[in-house]
Amino acid sequence: MERRIIDLDFEPRVVGSRTSASEELRVKENFDTQTEGAVTADFWLPSKIGVPKLLKVDLESNMLELIKDALFIKEITVIYNRDCYRFPVRNYLYPHHPIHNPSVPRKGCLPHLHVREGAGTLKHQETEEFLIKAREEDLKTTKSLLKWNKSKYDSDKLLYSGFLDVMEYEQLPRFLQFKDANYDLVLGFRESGRDEIRSRVFEHLTKKILGTYKANRFASFQEFELYLKHKSTELGWPKENITEAMKVAKNFRKDEEFGRQMLCGSNAQQIRKVRSLEGRWAGHNLPSHATEGKSIQDLLEAGKLYEVTNDIMDGVPHGGGFSKTLTGTKQTWYSILADCMLYVRDDGKLVPVLIRLENKNDGKPATWWSPPEPEITDEDHPKHLAWLYAKMWFRSIDLNNYVMGTHYSRGHAINETIAVGAFRNLPRAHPIFRVLQPHIQGIIPVNTNAREVIVSPGKNAFSLFLAGGDAVDKVFHNYFKTFTYDQLVVPLDIEQRGVQDIPEYLFRDDMMSHWEILHQYLTEMVDLTYLSDEDVVKDVELQNFFQDVADNGFRGFENSAGFPRSVSNKEKLVEFLTVSVLNVSVFHTAVNFQTFTYMTFMPNIPSCMSQPPPDQDTVVTMELILDSLPLLEIAFYAMTLSNLLGAFSPIERFFLGDPGQNRLGMIGENMAVSPAQEACIRSLAERMRGLKEKIDERNRGRYFKYDVMRPDNVPITAQA
């Protein structure tokens with residue numbers, strides 16, 4: 001078996017009371033060339049050497065080794081004077097020839113690593129020049145591999161948060177790629193879903209060639225329901241997910257269920273209080289039967305009216321340009337503006353009372369839709385069907401807002417911006433990098449994969465089932481036009497949207513619980529690092545991080561979208577860190593992992609609508625509704641994609657581990673390894689355990705449980 005060698009230089013050398021960085025002690029450890037996964041090396045030092053402060057880690061190949069690959073080193077422990085010193089590495093080294101030691105990156109790996117022990121250190125607190133030079137060298141080399149993208153978003157004056165200038169996964173620096181074994185798991189998981197889609201497309205195209213194909217439209221809602229149940233079971237999708245989706249299928253027509261999904265569904269972030277009847281709501285009154293006899297002005301003053309709007313689709317052309325890929329026939333998927341006003345009834349239920357649809361692309365005037373009078377009880381009455389149709393149109397357009405705005409722009413793109421800034425400006429010796437590392441490690445490779453397939457301009461995964469998918473650049477731009485940093489600060493966002501008093505707003509409640517827990521955890525971590533606000537101000541690396549994110553991550557945004565260019569005290573630092581950790585973990589979880597429940601039964605949230613929106617005098621029939629809904633091929637694609645993207649990847653770690661479900665927790669996945677830091681992580685886990693018990697208690701007896709943010713369901717990062 002061929003061997004590799006990990007080669008360590010220990011610095012400083014301690015002789016009596018004198019410290020010298022020039023003396024060398026080299027220690028070597030052999031590893032098989034095919035070693036994979038977490039390599040932890042243990043070394044023992046003689047007492048004359050002194051306390052180890054810095055390791056220079058090198059990887060040497062066997063002279064006869066022909067096929068080389070990088071080695072992932074998790075941690076190195078050094079025993080000195082019977083004490084254990086932990087040096088967290090969590091990085092790759094590419095083996096070099098024993099005679100030729102490189103000084104520049106090779107194969108996406110740094111030529112060597114300088115590793116500091118334990119909690120890490122702040123640069124301005126270092127007193128020895130060799131320690132300062134080592135961290136500067138590592139950061140400079142790392143930064144050379146990580147450049148901001150200068151893209152067409154700049155030249156076309158389109159807003160988009162900054163991202164790494166890498167468009168293909170294989171071109172990423174090795175330390176930003178997944179470990180090979182983990183990536184194989186992820187690829188296998190994704191490929192199974194893609195195979196399902198490919199086989200269905202091939203089957204339909206074959207029928208078209210043979211002349212035996214006919215458009216697969218569903219003849220009733222019941223057919224949609226049966227298809228979902230049959231196909232999900234046939235493909236072996238999780239039974240508990242199927243059960244929840246079937247509950248939605250049986251209740252989706254009810255206004256109370258529509259309102260519940262606005263508060264607990266995948267896009268629950270969007271609702272806000274109506275503060276004015278000007279603008280979009282001007283000139284239209286609510287029927288008194290929809291508001292329990294109260295006037296719209298009285299409801300406005302009482303703070304009982306809320307809205308969900310979809311300006312993100314303004315100026316987005318009709319889609320369907322690539323519909324032929326799945327269906328064999330070209331369709332138009334209508335892109336319109338759709339807004340909904342909701343009312344909190346006296347019984348505390350939130351229900352829709354007014355929907356506004358406007359087909360600006362075709363120059364049509366806005367239309368207005370309200371619930372039918374209570375004495376009309378027949379669900380197939382034209383007024384009931386017209387109200388149901390309007391709700392479907394709103395949900396279909398809101399899905400575009402969710403997929404490309406809430407989920408991708410906020411849940412992915414913004415997180416990458418923060419991650420790139422951290423990797424470029426915080427050396428691995430920095431305590432704040434070590435705290436952030438497990439949360440930002442996965443988002444860049446995930447987004448790079450997405451840039452190849454899911455969100456690339458033109459034909460992409462979204463263009464095969466969403467009206468706005470043909471114009472993702474425009475949709476992203478519209479989202480970022482109104483995005484600000486304050487939206488990420490949960491308590492402030494709740495206040496600004498005016499949603500403190502909505503009953504049963506469980507998304508708000510659980511987000512706030514996580515904010516408080518993470519804020520406390522990060523306060524403890526910051527207190528371990530910074531003794532005073534002055535230490536924060538003196539931390540040049542930290543200040544560079546803030547400036548880089550604001551100036552380059554939000555280039556072109558007014559006032560950098562409100563992102564601070566510097567930080568002057570521990571309180572604001574904790575806020576920013578809480579934003580960074582919560583958004584990439586808890587928020588992403590809340591919006592990502594309910595897709596199967598709500599988006600697989602197409603009448604609940606149609607992925608696209610292939611008939612024009614109704615005029616005000618259109619008599620809506622069940623035939624018109626069914627003709628507007630997605631064909632079977634589109635429904636199957638959306639179902640499969642929802643199952644694929646809405647399931648945990650095989651390599652997730654969670655805020656609260658659960659051995660019974662084979663779920664690992666945070667310990668073991670981070671670089672914050674000092675005893676005090678690990679004590680903070682264990683305290684975090686205990687508080688998360690308390691939140692789990694609270695959510696479990698709340699869910700008892702509920703027909704629709706809401707446990708998406710239960711800590712054992714929340715991955716610590718957007719991993720895959």
Side-chain angles (χ1 to χ4, degrees), residues 38 40 52-55 57 72-78 84-92 110 113-126 131-132 134-139 142-143 146 175-176 415 418-444 518 521-531 535-536 539-546 549 567 570 573-574 576-582 584-585 653 655 665-685 716-717:
T40 301
K53 295 182 180 180
L54 178 72
L55 302 185
V57 188
F72 179 76
I73 306 171
K74 178 180 178 181
E75 184 174 306
I76 295 171
T77 60
V78 177
C84 177
Y85 295 85
R86 298 175 64 184
F87 291 79
V89 183
R90 300 202 68 82
N91 208 336
Y92 284 87
L110 275 62
L113 305 171
H114 291 106
V115 188
R116 288 288 261 138
E117 187 265 342
T121 57
L122 299 178
K123 182 178 180 180
H124 70 272
Q125 294 174 343
E126 298 281 28
L131 294 173
I132 296 173
R135 72 192 291 142
E136 288 177 346
E137 178 189 327
D138 270 12
L139 188 58
T142 299
K143 205 167 184 176
L146 304 173
F175 61 84
L176 287 178
N415 294 323
I418 295 171
V420 172
F423 277 105
R424 280 172 46 87
N425 295 282
L426 300 178
R428 288 175 178 264
H430 199 293
I432 297 304
F433 179 86
R434 294 188 175 191
V435 170
L436 286 176
Q437 174 267 329
H439 307 289
I440 63 175
Q441 187 68 44
I443 189 64
I444 296 176
L518 288 172
Y521 160 68
L522 291 161
T523 297
E524 293 169 356
M525 284 294 200
V526 166
D527 285 343
L528 290 176
T529 303
Y530 301 95
L531 299 179
D535 278 335
V536 174
D539 187 347
V540 176
E541 294 165 336
L542 182 72
Q543 301 298 334
N544 290 342
F545 167 39
F546 273 74
V549 169
V567 59
K570 295 200 296 183
L573 173 58
V574 169
F576 183 86
L577 295 177
T578 307
V579 159
S580 303
V581 173
L582 182 137
V584 77
S585 57
R653 278 183 178 261
F655 276 113
M666 275 183 65
I667 294 288
E669 188 62 22
N670 55 79
M671 297 180 68
V673 299
S674 75
Q677 288 173 324
E678 289 201 333
C680 289
I681 296 172
R682 290 190 174 90
S683 294
L684 169 66
I716 61 176
T717 182

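Numbers for residues simply follow the sequence, beginning at 1.
For the atom pair CG (Asn670) and CZ (Arg90), the distance works out to 7.5 Å, reported to the nearest 0.5 Å. Leu176 CG to Ile443 CD1: the interatomic distance, rounded to the nearest 0.5 Å, is 11.5 Å. If you take CG on Leu577 and OH on Tyr521, they are separated by 10.0 Å, rounding to the nearest 0.5 Å. Note that CZ of Arg434 and OG1 of Thr121 are 7.5 Å apart. Values are rounded to the nearest 0.5 Å. Note that the NZ atom of Lys123 and the CG atom of Leu131 stand 12.0 Å from one another [nearest 0.5 Å]. In this structure, CD on Glu117 lies 7.0 Å from OH on Tyr85, to the nearest 0.5 angstrom.
A donor-acceptor pair is defined here as one N or O able to donate and one able to accept, closer than 3.5 Å; no such pair exists between the side chain of Arg428 and the backbone of Pro88. In this structure, Arg116 contributes its side chain and Lys53 its backbone to a donor-acceptor pair below 3.5 Å.
Contact detail for Pro427 and Arg135: the closest heavy-atom pair is CG-NH2, 3.5 Å. The shortest heavy-atom contact between Pro431 and Gly120 is CG-C, 3.8 Å. Here the closest non-hydrogen pair linking Ile132 and Glu126 is CG1-CB, 3.7 Å. Considering all non-hydrogen atoms of both residues, Val536 and Lys570 come closest at CG2-CG, 3.7 Å. Taking each heavy atom of Ile681 and Ala672 in turn, the nearest pair found is CD1-O, 4.0 Å. Scanning all heavy atoms of the two residues, the minimum distance from Val673 to Arg86 falls at O-NH1, 3.4 Å.
Looking at heavy atoms from C-beta onward, Leu55 lies out of side-chain contact with His114 at the 4.5 angstrom threshold. Contact annotation: the side chain of Thr717 never approaches that of Gln441 to less than 4.5 Å [non-hydrogen atoms, C-beta and beyond]. Cys680 places a side-chain heavy atom less than 4.5 Å from the side chain of Leu528. The side-chain heavy atoms of Thr77 and Cys84, taken from C-beta on, include a pair separated by under 4.5 Å. The side-chain heavy atoms of Leu542 and Leu573, taken from C-beta on, include a pair separated by under 4.5 Å. For the pair Gln543 and Asn425, the minimum side-chain heavy-atom distance is 4.5 Å or more. Val89 has its side chain within reach of Ile76: a pair of non-hydrogen atoms, C-beta onward, lies under 4.5 Å apart.
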For this session: Under the side-chain contact (heavy atoms from CB on, under 4.5 Å) rule, what do Ile716 and Val581 come out as? Steps first, then yes or no, please.
Result: CA-CA 8 Å; Ile716 61 176; Val581 173; over 6 Å; no

For this session: For Thr529 and Met525, run side-chain contact (heavy atoms from CB on, under 4.5 Å): C-alpha distance rounded to whole Å, both residues' side-chain angles, the deciding distance at 0.1 Å, then the answer.
Result: CA-CA 7 Å; Thr529 303; Met525 284 294 200; 5.8 Å; no

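For the 3.5 Å distance criterion, the side chains of His439 and Asn415 fail to qualify, holding no donor opposite an acceptor.
If you run side chain to side chain contact (heavy atoms under 4.5 Å, CB included) between Leu426 and each of Leu139, Thr142, Asp539, Ile432, only Ile432 comes through.
Between Phe545 and Phe576, the two ring planes are perpendicular [angle over 60°; tilted spans 30° to 60°]. Using a 30° and 60° split on the angle between ring planes, Phe423 and Phe433 fall in the perpendicular class, above 60°.
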